[in-house]
Participant: 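One structure follows; several queries about it will come next.
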Amino acid sequence: QVQLVESGGGLVQAGGSLRLTCAASGRTFSTYNMGWFRQAPGKEREFVSAITRSGAITYYADSVKGRFTISRDNAKNIVYLEMNSLKPEDTAVYYCAATSAPISRSMMAYNYWGQGTQVTVSS
């Protein structure tokens, strides 16, 4: 079991940056593969990024590749999502998720979810 809490969202202008933080509870954080997903109003939740247990492998959606960076600090039980060059289409609620299964781009693979943090990018 793991509990996840996202923070760091906010309102920024296009071209700006934000860093999201996912704080996890428990001593087994390093055993989970982690992911970030987002959901805009009226749309399906979509994959953003994922990272393996050690951080050796990362995945990115094509829409964010080159702009977003996922990282983790297992000693602090934290996963980060650094977002640069933000666009209005990045506006969404961003969710942190954890899975004991292999790293995945699929929402269905993740068993644990945070409450989400709102990111709004104005044009």
Side-chain angles (χ1 to χ4, degrees):
Q1 293 289 123
V2 62
Q3 293 177 275
L4 308 172
V5 179
E6 304 95 333
S7 62
L11 174 63
V12 297
Q13 197 162 350
S17 299
L18 284 173
R19 188 178 73 170
L20 305 184
T21 297
C22 175
S25 66
R27 295 182 176 181
T28 60
F29 173 73
S30 63
T31 70
Y32 294 96
N33 295 308
M34 303 295 297
W36 285 97
F37 293 78
R38 66 187 183 187
Q39 187 167 21
K43 294 190 175 183
E44 294 286 305
R45 191 171 299 184
E46 66 176 0
F47 170 78
V48 176
S49 187
I51 188 167
T52 53
R53 295 172 177 86
S54 68
I57 300 172
T58 56
Y59 292 166
Y60 296 95
D62 288 343
S63 59
V64 307
K65 192 172 185 178
R67 299 188 297 121
F68 291 11
T69 302
I70 189 171
S71 62
R72 68 190 297 165
D73 186 339
N74 288 342
K76 296 182 178 180
N77 283 14
I78 289 176
V79 177
Y80 299 102
L81 184 68
E82 184 176 0
M83 306 183 294
N84 299 312
S85 301
L86 284 162
K87 304 174 181 179
E89 51 262 46
D90 295 319
T91 295
V93 177
Y94 283 71
Y95 296 92
C96 179
T99 179
S100 298
I103 186 171
S104 178
R105 294 177 175 88
S106 173
M107 180 182 68
M108 298 306 299
Y110 293 84
N111 298 320
Y112 307 102
W113 295 84
Q115 85 288 353
T117 185
Q118 176 71 48
V119 172
T120 303
V121 184
S122 61
S123 60

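Note that the coordinates shown come from a computational prediction; the quantities given were computed from them, not determined experimentally.
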Participant: Considering only residues two or more places apart or on different chains, which pairs with a residue in residues 9-25 satisfy side chain to side chain donor-acceptor pair (under 3.5 Å)?
Facilitator: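 The answer is S17-N84.
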
Participant: Please, which pairs that meet side chain to side chain donor-acceptor pair (under 3.5 Å) have at least one residue in residues 96-115, sequence neighbours excluded?
Facilitator: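 Found Q1-Y112.
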
Participant: Backbone N or O of T91 within a donor-acceptor pair of the T120 side chain at under 3.5 Å?
Facilitator: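 The answer is no, because no donor-acceptor pair under 3.5 Å joins these two groups.
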
Participant: Are T69 and Y60 close enough, and set up right, to give a side chain to side chain contact (heavy atoms under 4.5 Å, CB included), and what steps lead you there?
Facilitator: CA-CA 8 Å; T69 302; Y60 296 95; 3.9 Å; yes

Participant: Is there a path from Y80 to Y95 through hydrophobic residues (I, L, V, M, F, W, Y) whose side chains come within less than 4.5 Å of each other?
Facilitator: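 Y80 does not cluster with Y95.
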
Participant: Which atom names give the shortest non-hydrogen contact between D73 and F29, and what distance separates them?
Facilitator: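 Reported closest heavy-atom pair: O-CE2, 4.2 Å.
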
Participant: Is there a path of hydrophobic side-chain contacts, each under 4.5 Å between heavy atoms of I, L, V, M, F, W or Y residues, that connects V64 with Y94?
Facilitator: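 Yes, same cluster.
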
Participant: Do M83 and I51 share a hydrophobic cluster, counting only Ile, Leu, Val, Met, Phe, Trp and Tyr and linking them when any side-chain heavy atoms are less than 4.5 Å apart?
Facilitator: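 Same cluster.
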
Participant: Identify the heavy atoms of S123 and A14 that sit nearest to each other, and give their distance.
Facilitator: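 Closest heavy-atom pair between S123 and A14: CA-CB, 4.4 Å.
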
Participant: Looking at SG of C96 and CD1 of I70, how far apart are the two atoms once the value is rounded to the nearest 0.5 Å?
Facilitator: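 Interatomic distance, C96 SG to I70 CD1, rounded to 0.5 Å: 8.0 Å.
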
Participant: How long is the gap from CE on M34 to CD1 on I103, to the nearest 0.5 Å?
Facilitator: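 Rounded to the nearest 0.5 Å, the CE-CD1 separation comes out at 11.0 Å.
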
Participant: Between E6 and L20, is a side chain to side chain contact (heavy atoms under 4.5 Å, CB included) present by the stated rule, with each step listed?
Facilitator: CA-CA 7 Å; E6 304 95 333; L20 305 184; over 6 Å; no

Participant: To the nearest 0.5 Å, how far apart are CD in Q39 and CD in Q118?
Facilitator: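 CD of Q118 is found 11.0 Å from CD of Q39.
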
Participant: Looking only at heavy atoms, what is the nearest atom pair of L18 and V119, with distance?
Facilitator: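 Where L18 meets V119 most closely, the heavy atoms are CD1-CG1, 3.9 Å.
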
Participant: F68 and W36: side chain to side chain contact (heavy atoms under 4.5 Å, CB included), yes or no, with the steps?
Facilitator: CA-CA 11 Å; F68 291 11; W36 285 97; over 6 Å; no

Participant: Under 3.5 Å, is there a donor-acceptor pair between the side chain of T52 and the main chain of I57?
Facilitator: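 Yes; judged by distance alone, with no hydrogens or angles, the pair exists.
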
Participant: How close do A24 and V2 get, counting heavy atoms only, and between which atoms?
Facilitator: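 Taking every non-hydrogen atom into account, CB-CG2, 3.8 Å.
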
Participant: Hey, is CD on Q3 packed in by over 12 heavy atoms from elsewhere, all under 6.0 Å?
Facilitator: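 Incorrect, the count does not exceed 12.
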
Participant: Linking I/L/V/M/F/W/Y whenever their side-chain heavy atoms sit closer than 4.5 Å, directly or via other members, would V79 and L4 fall into one cluster?
Facilitator: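 Linked within one cluster.
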
Participant: Only pairs at least two apart or in different chains count here, so list each salt bridge (charged side-chain N to carboxylate O under 4.0 Å, His left out) that has a residue in residues 27-54.
Facilitator: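 For residues 27-54: R38-E46, R38-D90.
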
Participant: Could you grab the distance from atom OH of Y59 to atom OG of S49, nearest 0.5 Å is fine?
Facilitator: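 The OH atom of Y59 sits 11.0 Å away from the OG atom of S49.
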
Participant: Do V48 and L86 share a hydrophobic cluster, counting only Ile, Leu, Val, Met, Phe, Trp and Tyr and linking them when any side-chain heavy atoms are less than 4.5 Å apart?
Facilitator: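 Yes, same cluster.
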
Participant: Nearest 0.5 Å, what's the OG-CZ distance between S30 and R72?
Facilitator: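 Answer rounded to 0.5 Å: 7.0 Å.
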
